[in-house]
Amino acid sequence: MHDLQELLDNNARWAESINERDPEFFAKLARQQTPEFLWIGCSDARVPANEIVGMLPGDLFVHRNVANVVLHTDLNCLSVIQYAVDVLKVKHILVTGHYGCGGVRAAMQDQQFGLIDGWLRSIRDLYYVHRHDVAQLPTEEAQVDRMCELNVIQQVSNVAQTTIVQNAWHRGQALSIHGCIYGIKDGRWKSLDTNISGLDQLPQQYRLRPIG
Ligand code: CO
């Protein structure tokens, strides 16, 4: 069992070790943050954003929720995207899922889990669309893992279809959305080769002209 004091001690050692390497590190960060990446990932404790990609404090702007879902009615996630794109002007948005995601697995089961069912509903809809293809896979684990990939691909589209991202492209701002997935079993983070970096990659029905 860990207690709070252990975490406080860990923190003191961590801050001290960074200070030893670069005495100006925290002073520089306190003045401003200039991350080039927005990470949208799962809340799962086994998927720590900065550690996985070897980034220091200040390098990643981060939003995490259960099953890395991007909904067009979620003010929390949309606010993070808006601040990252409009104010911080990140160059890349990394939507990162992970294999064996419990949220994705829950959305594929025939049982209630409570409030979370509503949050995961769009993944259940996605599973319904892909149910025949997914059912071809031999094991439950393989089926969940495939849905984890399909979920990332869907969320990349959802990010790219926001008016926030579209307006950045209308302004000529360089911005790319990437789909990635992390393996809890091997620690490897890989690209799903799903990249959207302009309006021409969006289906016509989702391309929106700015107001005015
Ligand atoms: Co997860």
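Counting starts at 1 for both ligands and their atoms, following the listed order.
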> Just checking, any donor-acceptor pair under 3.5 angstrom between side chains of Asn158 and Gln155?
Replying inline: yes
> Excluding waters, which protein N, O or S atoms are within less than 2.8 Å of the Co ion (ligand 1)?
Replying inline: Cys42 SG, His98 NE2, Cys101 SG
> Is it true that Asp117 and Arg121 have a side-chain N and a carboxylate O under 4.0 angstrom from each other?
Replying inline: no
>> Does Arg131 qualify as a cation-pi partner of Tyr128, given the criterion of NZ or CZ under 6.0 Å from the six-membered ring centre and within 45 degrees of its axis?
In response: yes
> Is it true that Arg146 and Glu149 make a salt bridge, defined as a side-chain N closer than 4.0 Å to a carboxylate O?
Replying inline: yes
> Is Arg171 paired with Asp86 through a side-chain N to carboxylate O contact shorter than 4.0 Å?
Replying inline: yes
>> I'd like to know if Glu141 and Lys185 make a salt bridge, using a cut-off of under 4.0 Å between side-chain N and carboxylate O.
In response: yes
